[in-house]
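Just so it is clear, the structure is predicted and the values come from calculations on it, not from any experiment. A, B, ... follow the sequence lines: proteins, then strands. Residue 1 opens every chain.
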Amino acid sequence: MNNESWDIIVKPTSKWYNLRLKEIVRYKDLLFLFVRRDFVSLYKQTILGPVWFFIQPIITSITFTIIFGNLAHISTDGMPQILFYMCGITIWNYFSDTLTKTSDTFGANSAIFGKVYFPRMIVPLSVVVSNLLKLGVQFFLFISVWLFFLGKGNTVIHPNATLLLIPFLIILIGFLGLSFGIIISSMTTKYRDLKFLITFGVQLLMYASPVVYPLSIVPEKYKWIILSNPVTSIIETFKYAFLGVGEFNWSHLFYSVSITIVLFFIGLVTFHKVEKSFMDTV
Amino acid sequence: MSNIVLKVDHISKQYRLGQFGSRTISHDVNRWWYKVRGKEDPYLKVGDENDRSLKGGSEYVWSLNDINFDVHRGEVLGIIGKNGAGKSTLLKILSQVTTPTTGEVKIKGRIASLLEVGTGFHPDLSGRENVFLNGAILGMSKAEIKNKLEEIIDFSGVAKYIDTPVKRYSSGMMVRLGFAVAAHLEPEILIVDEVLAVGDAEFQKKCLGKMKDVSGQGRTVLFVSHNMPSIRMLCTKCAYLDKGKLKNMGETNAIIGEYLTSGYINLSSDESAIPDNLSLHGSGEAKFKNVLIENENNQQVQELDFLEKFRVRLKLEVKKQLKDVTLAVYIVNQFGDIVMMAVQDENYLPSTFETGPYEVNVQFNEELMPGNYSIGLALSFFHTGSDIDYIESFYPFTVIKDSKRKNMEYPWATVQGYIKPKTTWQIKKV
């Protein structure tokens with residue numbers, strides 16, 4: 001009996017390192033169809049369609065300019081306020097959207113997951129990609145505003161060679177959001193307590209990251225708290241590349257990369273462990 | 001090299017009953033503590049048999065208990081059993097939606113399961129876009145779907161609406177499109193749950209035909225259904241599940257016979273019990289408790305042969321003396337129309353019931369034409385017609401087209417009428 005070759009063996013447990021990553025490659029078409037579905041269905045039956053992607057960051061930037069800039073007088077390191085906030089929001093939104101949406105992977109897809117088998121990782125991965133498209137649109141908006149300020153003969157903005165790191169930063173923050181998301185989604189299938197934390201947890205994390213304020217105004221004594229947040233150095237580097245203000249520090253960036261790798265690995269393993277049995281508990 | 005494409009090896013599945021709550025976490029902690037010390041899961045030793053009607057003492061239940069069987073290439077295996085016998089759990093494990101608690105399943109080749117038609121359909125996307133999405137969910141590549149797109153649309157018969165969002169579809173059209181995608185999957189093993197229950201007769205026929213083709217091409221099909229005629233038509237072999245155990249497996253007709261006679265004559269049996277919430281209206285002064293159908297061999301059945309006489313038996317609980325009432329038994333067709341109404345008194349006169357339980361036998365002397373029927377019951381006041389208890393439609397049963405006992409078969413494809421009348425013909429050439 002042992003000399004026969006079986007293509008699939010369904011067992012109660014498998015080794016933790018057997019993540020069946022090869023299957024993900026086989027289902028790559030599904031990934032892109034999910035992305036297409038998310039994108040197309042989002043603006044069906046709307047009048048403005050994809051324009052909504054622009055409206056959200058514009059309104060948020062204006063709100064931040066009024067509240068944090070003009071009422072609270074928080075420094076923007078001498079940058080035009082709208083540009084400073086838009087810069088932070090563009091990259092932060094990608095992170096928070098990815099995290100929030102992937103953190104409900106099992107809950108939102110239990111109907112499909114209960115009927116058909118396919119590698120469950122396809123779903124959160126498709127979220128990363130469809131949010132990347134949304135980021136693309138918002139990034140385009142930010143670049144337009146940025147070019148407008150550059151063209152005005154403004155001398156305060158100093159773009160620099162760090163711009164070459166931008167694609168890397170985007171991938172990094174995408175994976176960081178994904179890692180948080182799949183860890184949370186794996187933990188919430190059985191005990192849903194964590195679900196309540198997510199919405200305001202993400203909100204709190206934004207204030208623990210230099211989105212509405214520059215790292216430079218954080219008192220030296222508390223800086224380590226903000227820096228221990230792996231999102232911080234990614235956002236700071238992003239701002240530094242485009243605006244030339246803020247901090248760019250290789251060791252801080254290295255810290256974020258290491259944390260992302262560790263979290264992503266933990267996420268993959270827990271996600272894979274949960275995907276096999278979650279139908280019985282969700 | 002043997003011909004076995006699917007090997008189910010000592011599969012068991014345990015479920016936890018009731019609510020998840022703080023007790024769950026104490027069990028989880030306990031389980032983890034046993035694991036750390038290298039001991040066996042303590043909750044695997046407990047657990048009741050999977051019997052839905054008995055309230056067990058344990059919080060755990062064995063939904064499947066030590067199931068073993070092999071399926072060979074090209075076989076069409078029917079899986080039958082009552083509700084809650086573990087059929088769906090077995091299919092879920094085979095299609096890798098969940099894992100067994102113990103044991104393993106070995107599979108050769110690509111496996112596709114149809115536990116539901118049109119999984120993942122997005123209401124806002126068009127039929128065409130959903131064909132791609134659904135196909136990919138079922139494991140096809142984009143190129144494969146593109147190749148078969150014309151065929152799929154053609155098979156579904158909804159070509160006219162293919163670029164309309166599926167939320168505008170009727171449920172029948174949705175099923176047609178969903179099945180059309182699945183029918184063109186071409187896996188080595190196809191698992192089908194009772195998805196054919198919806199869709200019109202013509203489409204059901206088309207689906208059954210397609211499944212027959214699939215098995216003809218040397219592929220393997222596993223088919224779960226409560227519809228004995230289609231099991232009989234499709235399956236070469238049958239597995240009978242009962243209370244989570246594999247009761248028997250073998251040649252289709254023999255196993256179906258065993259299954260259908262298993263609930264032999266018991267007016268208190270679970271299958272004949274009428275749920276309390278089924279009474280639509282009524283004063284509550286009496287209640288129908290059980291109803292069942294018996295065939296000519298005095299067996300409780302849900303399937304009658306063509307030209308077979310039948311008897312309806314029912315149990316009634318009268319709570320206070322009822323005067324001037326009458327009892328009626330209806331036979332209702334699949335469209336909900338009453339095709340026969342039998343009343344208690346041949347001369348249509350009222351009668352009286354005393355307090356207490358009653359058992360009633362109604363022998364029908366007419367035969368029904370092949371088709372799907374159910375039973376309706378009414379106890380009402382003779383003069384006002386107001387109901388004391390009323391069951392609109394319960395206990396579905398089928399009259400099949402062939403009759404082994406009478407050794408004949410209904411000769412035509414479509415059935416006309418519902419009741420075979422007793423007539424005398426006089427024909428003479430003039």
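- Within a 6.0 Å sphere centred on NZ of B:Lys167, heavy atoms belonging to other residues, nucleotides or ligands number more than 12.
- Closest heavy-atom contact between A:Lys115 and B:Val97: C-CG2, 3.7 Å.
- Of the listed residues A:Val116, A:Leu31, A:Asn109, A:Val40, the one with more heavy-atom pairs under 4.5 angstrom with chain B than any other is A:Val116.
- Within the model, atoms CD1 of A:Ile9 and NZ of B:Lys7 stand 11.5 Å from one another, a figure rounded to the nearest 0.5 Å.
- For A:Phe39, the CZ atom counts as densely surrounded, since its 6.0 Å shell holds more than 12 non-hydrogen atoms of other residues, nucleotides or ligands.
- Contact count versus chain A (heavy atoms, under 4.5 Å) is highest, among B:Val105, B:Thr98, B:Thr99, B:Thr119, for B:Val105.
- Expressed to the nearest 0.5 Å, how far CZ of A:Arg26 lies from OG of B:Ser141 amounts to 9.5 Å.
- Summarising the geometry, atom CZ belonging to A:Arg37 is positioned 9.5 Å from atom CG belonging to B:Asn130; distances are rounded to the nearest 0.5 Å.
- A:Ile112 and B:Gly120 get closest at one heavy-atom pair: CD1-CA, 3.7 Å.
- Counting all heavy atoms, side chain and backbone alike, B:Ala136 lies closest to A:Leu33 at CB-CD1, 3.4 Å.
- Interface residue B:Glu129: only side-chain heavy atoms are found under 4.5 Å from chain A.
- B:Arg110 CZ: more than 12 foreign heavy atoms inside a 6.0 Å radius.
- Contact annotation for B:Lys92: only side-chain heavy atoms (C-beta onward) come within less than 4.5 Å of a heavy atom of chain A.
- Annotation: the span from B:Met140 atom CE to A:Asp29 atom CG amounts to 11.5 Å, rounded to 0.5 Å.
- A:Tyr27 and B:Ile137 get closest at one heavy-atom pair: CE2-O, 4.3 Å.
- Heavy atoms from other residues, nucleotides or ligands lying under 6.0 Å from OH of B:Tyr161 number 12 at most.
- Within the 4.5 angstrom heavy-atom criterion, only side-chain atoms of A:Phe118, from C-beta onward, approach chain B.
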